[in-house]
Structures are given as C-alpha cells and as structure tokens.
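Accompanying notes for the structure given below.
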Amino acid sequence: MLVRFLSLSCCLALFCSSAFAQETKAKKKSAEPTAAANTQTELQSIRQSSKLFVAAFDKADAKAVAALWTESGEYVDDTGSTFTGRKAIEKEYDRFFTENPGHKITLAIDSLKLLSDSAAIEDGRAILDPAPAGAPAISKYTVVHVKIDGQWLMSSVRDTHVPTPSAYRHLEDFEWLIGNWSAEEHGAKTEVTCRWIANKSFVERSFKVTKDGQVTAAGVQIIGWNPVASAPQSWLFASDGGQTMGKWTARENGWQIESQGILADGTPTTAVTTFVKLDEEAFAWQSLSRTVGGRKLPDTEEIVLKRTK
C-alpha cells in the first residue's frame, strides 16, 4: 500500500513539475516577442535622437545640438579637447558653426546596442560636407546614451580622427584654391569652382564663361599627382569637345602649366597657363604662348578672380 502511495505521489510530482515547466516555457515564449518589440522601440527612439542631431547641426543651431546632451554630458573632439556640460558644448558648436558656415553632416550608424533599460552605446561615422581642410580622414564616434525621464540623451560622445590613404600630401598646396571664384572683364563673366574629389586625391576645377547671357566657354579640369613625373598633372575637357593635358610646375605664389591638347576636330593646341595667388581671396589667371594647328595666337589678358565663397 505504501509503495503504491509513493508511486502515485511520484507520478503526481512529475506531472506537476512537467506542467509547471511547460507553463514557464510558454510564458517565456510569450514574453520574448514583447521584449524584442520593446528593444526595437527603444533603439528607434535613439535613432530618432540622432536625426534630431543632424537636423540641428544642418541648421547651425548650437543650442538645439547641446540640448541633446544630459546636463552634465561630455564631448571629447578628435583633438582630445573635452567639453563638459551643455553650456560648454553649446559654446564649442557655436564656434564651429561661426567658423564653418554652411556645413552639413551625415551620420552612418555602424552599431547600436542596448546595455540596459536606460543605457545604450552607439558607434558610427560622421561625414561633413564640405570636407574639412587638411588631410582626409574618417571621423569615427562613440556615443553613450542614457534614458532620463523617458527621453534618450547623450551622456558621452567621443570623436576619433582616422587618416585614410590619399594623394593629398602631394596636392595640399591647392588647398587655398578650393572654393568659388568669379571675375568680370569687358562684359564677360568667368565663374570657377574648385573642390576636392576622390578622398582628396584629385582637385576638380569647373569653369564657365558667359557674355550677353550666353555661355561662350565651359568645361571641367581634373588635377592629380603624377608619381612618375613627381609633379601635378591635369586633364581638361571642354564643352565644345576639346581636351588638354597639362604638366604643372610650382612657381612663386602659384603654378605654371604647360599644356598640349586637341580641338574637337583633332587640331593640335599648345599653351602655357599661369595661376598666381594674390592673397587668400584672389588669384590671377592668364594663358600665354598659345598655338592652334601650329599657328600662334595672342596671349589672353590677365584675369583676376575673387573668392565668392
């Protein structure tokens, strides 16, 4: 009788244990989707905060940018300088916006993880347009987010400057030329835009000449480093189909370019062009020793272009 009672007790215990385990497992499974949904909701809130940062940055609103930090938040820039508290962070961004008007930013989030219900960490890259002066690099960042009174704020932000391979070191003397330039001579308006391309391994110089509302000349020139000749080299493509290759030689306050090319019909051309930096806001351009099909052409007048942006 006792054996039978013990046997029944064991069966009952096993049944209850199995039923409890199944119930616990079912509850766990039903809770998993809820937890995952909550996690995604929190991560989406943090991503929305990143979008607010981009919007405030693009508007050059230093106060709105700083408001995305906690009251005692910390920002460490890529030089190692530390700014603690919203007031200090706002002041630093205000300085940046004043010195770099019109800059825009793009954030590429590489990793975003919740550490707890009220903490998360984000790693990514920040891309400025236009690119800042100096050697090209990737700007990496790490952000520690904390949730305070239902709002996700940045507690700590650290920027890191990571250099990238580029021919920039051979072309850094062109840095001052980057920007928009304009000149008006004898009713003709010349507009030139110079910008870095391909990770600052090349400079693109686009130009347009208009007179009486009509475009009389236009084209684009790519300037890069020729490692064989150990000198800058350029390729110019004109809107009329002509093209020119030039060898650049440094001269006092500028360059001299010896060019050979062809017109759209194959007629050969040559010229010597000079760029002379007058100051940070102006340079002089002139084309000399010009020939077309072996026939000499007069030198152009010197044109002084002034920076417009």
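Numbering starts at 1 and runs along the sequence shown.
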Working for side chain to side chain contact (heavy atoms under 4.5 Å, CB included), residues Val144 and Arg158: CA-CA 9 Å; Val144 175; Arg158 291 178 178 268; over 6 Å; no
Asn199/Thr164 under side chain to side chain contact (heavy atoms under 4.5 Å, CB included): CA gap, chis, key distance, verdict: CA-CA 8 Å; Asn199 198 36; Thr164 56; 3.0 Å; yes
Side chain to side chain contact (heavy atoms under 4.5 Å, CB included) assessment of Leu297 paired with Thr291: CA-CA 5 Å; Leu297 297 179; Thr291 68; over 6 Å; no
Audit row: Gln221, Glu204, side chain to side chain contact (heavy atoms under 4.5 Å, CB included) steps and yes/no: CA-CA 6 Å; Gln221 183 180 52; Glu204 178 190 84; over 6 Å; no
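Residues Phe97 and Leu68 fall within the same hydrophobic cluster, defined by Ile, Leu, Val, Met, Phe, Trp and Tyr side chains chained together at heavy-atom separations under 4.5 Å. Note on Phe53: it clusters hydrophobically with Leu128, by side-chain heavy-atom contacts below 4.5 Å among ILVMFWY residues. Hydrophobic clustering keeps Ile46 apart from Leu115 (ILVMFWY residues linked when any side-chain heavy atoms are closer than 4.5 Å, directly or through intermediates). If you chain together hydrophobic residues whose side chains sit under 4.5 Å apart, Leu114 and Leu112 fall into the same group. Clustering ILVMFWY residues whenever any of their side-chain heavy atoms sit less than 4.5 angstrom apart, transitively, puts Val54 in the very cluster that holds Trp69.
Ring pair Phe83/Tyr75 is parallel by interplanar angle, where below 30° counts as parallel and above 60° as perpendicular.
Salt bridge absent: Lys200 and Glu172 never bring a charged side-chain N and a carboxylate O closer than 4.0 Å. In summary, Asp123 and Lys140 do not engage in a salt bridge, as defined by a charged side-chain N under 4.0 Å from a carboxylate O. Taking a cutoff of 4.0 Å between a charged side-chain nitrogen and a carboxylate oxygen, Glu258 and Lys247 do not qualify as a salt bridge.
Counted within 6.0 Å of CD on Gln214, heavy atoms from surrounding residues, nucleotides or ligands total 12 or fewer; the atom is thus considered open. Remark: Lys104 NZ is packed, more than 12 non-hydrogen atoms of other residues, nucleotides or ligands lying under 6.0 Å away. Heavy-atom contacts from other residues, nucleotides or ligands closer than 6.0 Å to CZ of Arg95 number more than 12. Surrounding CD of Glu99 are more than 12 heavy atoms belonging to other residues, nucleotides or ligands, all under 6.0 Å away.
No donor-acceptor pair under 3.5 Å is formed between the side chain of Asn100 and the backbone N or O of His103. For the pair Thr244 (side chain) and Gln260 (backbone), a donor-acceptor distance under 3.5 Å is absent. Under the 3.5 Å distance criterion, the side-chain polar atoms of Ser116 are matched with a main-chain donor or acceptor of Ala119. Without hydrogens or angle criteria, Thr98 side chain to Asp94 main chain gives a donor-acceptor distance under 3.5 Å.
To the nearest 0.5 Å, atom CG of residue Asn226 and atom CD of residue Gln233 are 4.5 Å apart. If you take OG1 on Thr70 and CG on Leu153, they are separated by 6.5 Å, rounding to the nearest 0.5 Å. Distance check: Lys113 NZ to Ile121 CD1 gives 8.5 Å after rounding to the nearest 0.5 Å. Distance OG1/Thr308 to CD/Glu281: 10.0 Å, rounded to 0.5 Å.
Members clustered with Trp255: Tyr168, Leu171, Phe174, Trp176, Leu177, Ile178, Trp181, Val192, Trp196, Val203, Phe207, Ile223, Trp225, Leu236, Trp248, Ile257, Phe275, Phe283, Trp285, Ile303, Leu305, by chain and number, using a 4.5 Å side-chain heavy-atom cutoff among hydrophobic residues.
For Ala126 against Ile105, the heavy-atom pair with the smallest separation is CB-CD1, 4.1 Å. Nearest heavy atom pair, residue Ser72 against residue Thr84, reads O-CG2, 4.0 Å. Scanning both residues, Pro298 and Arg290, for their nearest heavy atoms gives O-NH2, 2.7 Å.
A 4.5 Å side-chain heavy-atom check between Lys147 and Glu42 finds at least one atom pair inside the cut-off. With contacts defined as side-chain heavy-atom distances shorter than 4.5 Å, the pair Ile109/Glu122 qualifies. Two residues are said to be in side-chain contact when any heavy atoms from C-beta on lie closer than 4.5 Å; Gln256 and Val272 meet this criterion. Under the 4.5 Å side-chain criterion, counting only non-hydrogen atoms from C-beta, Asp159 is not in contact with His161.
The salt bridge (Lys or Arg N to Asp or Glu O under 4.0 Å) test applied to Asp265 returns no partner, not counting sequence neighbours.
Between Tyr141 and the choices Leu107, Asp110, Thr160, the side chain to side chain contact (heavy atoms under 4.5 Å, CB included) rule is met once, by Leu107.
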